[in-house]
Asks: 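Before I ask anything, here is the structure I am working with.
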Amino acid sequence: MFANTQITKTISLEEYGIKDARLHYQLSPKELHRITIEKGQGVEASSGALAVNTGKFTGRSPKDRFIVEDEVTKDEVWWGDINIPFEPEKFDQLYKKVTEYLSGKEIYARDAYACAEDKYRLNIRVVNEYPWSNMFAYNMFLRPKEEELKNFKEDWLILNAPGFEADPEVDGTRAENFAILNFSKKIALIGGTGYTGEIKKGIFSALNFILPVDKNTLPMHCSANVGDDGETAIFFGLSGTGKTTLSADPQRKLIGDDEHGWTPEHTIFNFEGGCYAKVINLTKEHEPDIYNAIKPGAILENVILDENGEVDFEDTSITQNTRVSYPIHHINHIKEPSVGKNPKNIFFLTADAFGVLPPISKLTPGQAAYHFISGYTAKVAGTEAGIDEPVPSFSACFGAPFMPLHPTRYAEMLSNKMKEEHVHVWLVNTGWTGGPYGIGNRMKLKYTRAMINAALEGKLEDVDYTKHDIFGLNMPVICDGVPAEVLNPRYTWEDKDAYDKKANELAKSFKSNFKKYEENANPEIISGGPVS
Ligand SMILES: Nc1ncnc2c1ncn2[C@@H]1O[C@H](COP(=O)(O)OP(=O)(O)OP(=O)(O)O)[C@@H](O)[C@H]1O
Ligand SMILES: O=C([O-])CC(=O)C(=O)O
Ligand SMILES: [Mn+2]
């Protein structure tokens, strides 16, 4: 049911330049749900969850993500088309416009924090134009206790004005929408887009700078869970590869589904207080934990409802990226607080739409570093057009759009940690088998789960392995619960020549992507790439 916390404290936003706002501070999710519906900005689904449309933007817009270039960031940030510089004066000008825009409006503010480990806690004040965006912040960030609100002082401020549109000519943006991080002023300024993911990924990007630079802590785009034996597993992967799906495992306690830090004190901790799951093709049968989390308090985004308020999870008419956010306690088995010890197993998830990579392989330290820096997955083109060719997509550290520093800085930290601790690293292809996208099928979730469980239970320790001819990856020849022929991708293709051709093409993409890192990589890492 709804958490209901009635807060008596009030705050003023005058100091930020927001004047005469009709401010709602720290409303409960129940109130925000009600107000959203009252304002016609959302409806209630039959599950009791709130359903909203985020507007023109139904996904993040990486080309409109900027970082203010100043004394703090100038020499640290890896500038380029991922971390796009923004002038401090332009920021001040745009900030002023946004605060003027929010002035006099009915708006919603909330105090929250990121980082479940106390020592790393980052206090956040979020100011939203829309009630449901503020409810998203309730779901996704950690929730301070009432006594913690008394002397709350934010470390970072998020201003979120989806209805405000920038004028690129004047404001220095690329388009009307923007997400700008200012590390000196500690402000995330988001406008022109209602996509809620910008809010969570704005703070993630900030932490990806702060934690390694100031706290010797490795930030990671990964999910995490812990078994009954107390052993932690983490799952790195780009969007849609299975972080959220595979970390929700009824046999294990969830730590978090998307963003974690690995500390020098040998712990890992969740940055967030909630989950943001994809719901495309969601079924109760295959993903019961996520399905059951969709109840009062959850926010569905961009789904289609029938006249009874039932969600059609197969309907992609608004977007493929349909989502639900919910506080982490909507999942039954969770680790509280969201902290675990050093991971013993690390999984790199990839959704290989070419059907080339093995469904599970065990990586050597060199291969682990190589695949982490490569950050491979595949993007499948628009489904409407039928059998479109997928495109290989490489995103360093499995999260380049959120990484302000050079990828090798994160890779070195991970590599050192993997050497210090005795970790097993696995590459798991959650993508296609039996042929490429359009011919083969997506790997059965039940097989992927079986492979992961076998790895976690140590059942892949004493089995035989064969080496992949082209990628050099070590593939187990047997695994409980998985037909043997599925374990070697070449066996699953009818046309072996076609398989070899595709595999060679993909190997070539890996190699050409890796060229830019070769200078900084030692021979061990380079030899972790394709072998032919
Ligand atoms: N074998 C499989 N393993 C994992 N996921 C699968 C598999 N087959 C199909 N899927 C589907 O793929 C999707 C994986 O998405 P998921 O939300 O877990 O991605 P994510 O890594 O958390 O992405 P994001 O970072 O965008 O949140 C889900 O819709 C899931 O149902
Ligand atoms: O931020 C989002 O939109 C969802 C997400 O986790 C990602 O893209 O990795
Ligand atoms: Mn996810």
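Indexing begins at 1, ligand by ligand and atom by atom, following the structure's order. The analysis underlying the following values was restricted to heavy atoms, covering all of them including side chains, and did not include hydrogens, waters or symmetry mates.
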Asks: Below 2.8 Å, any N, O or S contact between Thr244 and the Mn ion (ligand 3)?
Replies: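 Short answer: yes, at least one N, O or S atom is under the cut-off.
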Asks: Between Lys56 and Glu176, does any side-chain N to carboxylate O distance fall below 4.0 Å?
Replies: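 So Lys56 pairs with Glu176 through a salt bridge.
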Asks: Contact between ligand 1 and Arg323 is defined here as a heavy atom of the residue under 4.0 Å from a ligand atom; is it met?
Replies: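 Distance cut 4.0 Å: Arg323 passes for ligand 1.
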Asks: Can you find an N/O atom of Leu246 closer than 3.5 Å to an N/O atom of ligand 1?
Replies: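 No, Leu246 has no N/O under 3.5 Å of an N/O on ligand 1.
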Asks: Closer than 4.0 angstrom: is that true for some heavy atom of Gly240 and an atom of ligand 1?
Replies: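 Per 4.0 Å heavy-atom rule, Gly240 contacts ligand 1.
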Asks: Taking the six-membered ring for Trp, are the ring centroids of His371 and Phe398 within less than 6.0 Å of each other?
Replies: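 Between His371 and Phe398, the centre distance exceeds or equals 6.0 Å.
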Asks: Can you sort out which atoms of ligand 1 are near Asp258, meaning under 4.0 Å from one of its heavy atoms?
Replies: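 So the answer, numbered in order with elements, is 25 (O).
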Asks: So for ligand 1, is Ala277 a polar contact partner (N or O within less than 3.5 Å, distance only)?
Replies: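 So ligand 1 has no N or O lying under 3.5 Å from an N or O of Ala277.
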Asks: For ligand 1, does Thr448 get within less than 4.0 Å through its side chain, its backbone, both, or neither, judged by non-hydrogen atoms?
Replies: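 The answer is the side chain.
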Asks: With a 6.0 Å cut-off on the ring centroids, do Tyr370 and Phe372 count as close?
Replies: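 No, they do not, as the ring centres are separated by 6.0 Å or more.
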Asks: Just which atoms of ligand 1 are under 4.0 Å from any heavy atom in Lys278?
Replies: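 Selected atoms, number and element: 15 (O), 17 (O).
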Asks: By number and element, which atoms of ligand 1 are closer than 4.0 Å to a non-hydrogen atom of Thr245?
Replies: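 Those qualifying, in numeric order: 14 (C), 15 (O), 16 (P), 18 (O), 28 (C), 30 (C).
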Asks: Only one of Thr244, Asn270, Thr245 passes side-chain hydrogen bond (donor to acceptor under 3.5 Å, both in side chains) with Asp257; say which it is.
Replies: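 When Thr244, Asn270, Thr245 are each tested with Asp257, the side-chain hydrogen bond (donor to acceptor under 3.5 Å, both in side chains) holds only for Thr244.
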Asks: I'd like to check which ligand 1 atoms, numbered from 1 as shown, lie under 4.0 Å from a non-hydrogen atom of Glu287.
Replies: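 Counting atoms of ligand 1 from 1, those under 4.0 Å from Glu287 are 30 (C), 31 (O).
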Asks: Looking only at heavy atoms of Leu238, does any of them come nearer than 4.0 Å to an atom of ligand 1?
Replies: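 Right, Leu238 reaches ligand 1.
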Asks: Could you list the atoms of ligand 1 found under 4.0 angstrom from a heavy atom of Thr241?
Replies: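 Near Thr241, meaning under 4.0 Å from one of its heavy atoms, ligand 1 has 19 (O), 21 (O).
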Asks: For Thr433 and Tyr447, what are the C-alpha separation, side-chain angles and deciding distance, and is it a side chain to side chain donor-acceptor pair (under 3.5 Å)?
Replies: CA-CA 11 Å; Thr433 179; Tyr447 293 161; over 6 Å; no
Asks: Please confirm whether Arg490 makes a cation-pi placement over Tyr499, using NZ or CZ under 6.0 Å from the six-membered ring centre and within 45° of the ring normal.
Replies: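 No, Arg490 does not lie over the aromatic ring of Tyr499.
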Asks: Salt bridge check: are Asp258 and Lys201 linked by an N-O gap of less than 4.0 Å?
Replies: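 Yes.
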Asks: Between Trp156 and Phe183 (judged by ring centroids, cut-off 6.0 Å), do the two rings come close enough to count as a pair?
Replies: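 Here the rings of Phe183 and Trp156 have centres that are less than 6.0 Å from each other.
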Asks: Do Phe394 and Phe510 have their ring centres less than 6.0 Å from each other?
Replies: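 Judged by ring-centre distance (under 6.0 Å), Phe394 and Phe510 do meet the cut-off.
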Asks: Is it true that Glu285 and Lys446 have a side-chain N and a carboxylate O under 4.0 angstrom from each other?
Replies: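 Salt bridge between Glu285 and Lys446, a charged N being under 4.0 Å from a carboxylate O: no.
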Asks: Heavy-atom pairs closer than 4.0 Å: do any link ligand 1 to the side chain of His221, the backbone, both, or neither?
Replies: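 Looking at His221 and ligand 1, just side chain atoms fall under 4.0 Å.
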Asks: So is there a nitrogen or oxygen of Thr244 less than 3.5 Å from a nitrogen or oxygen in ligand 1?
Replies: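 Thr244 vs ligand 1: N/O contact under 3.5 Å present.
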Asks: Considering only heavy atoms, does Lys243 approach ligand 1 within less than 4.0 Å through its side chain, its backbone, both, or neither?
Replies: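 For Lys243, backbone and side-chain atoms both sit under 4.0 Å from ligand 1.
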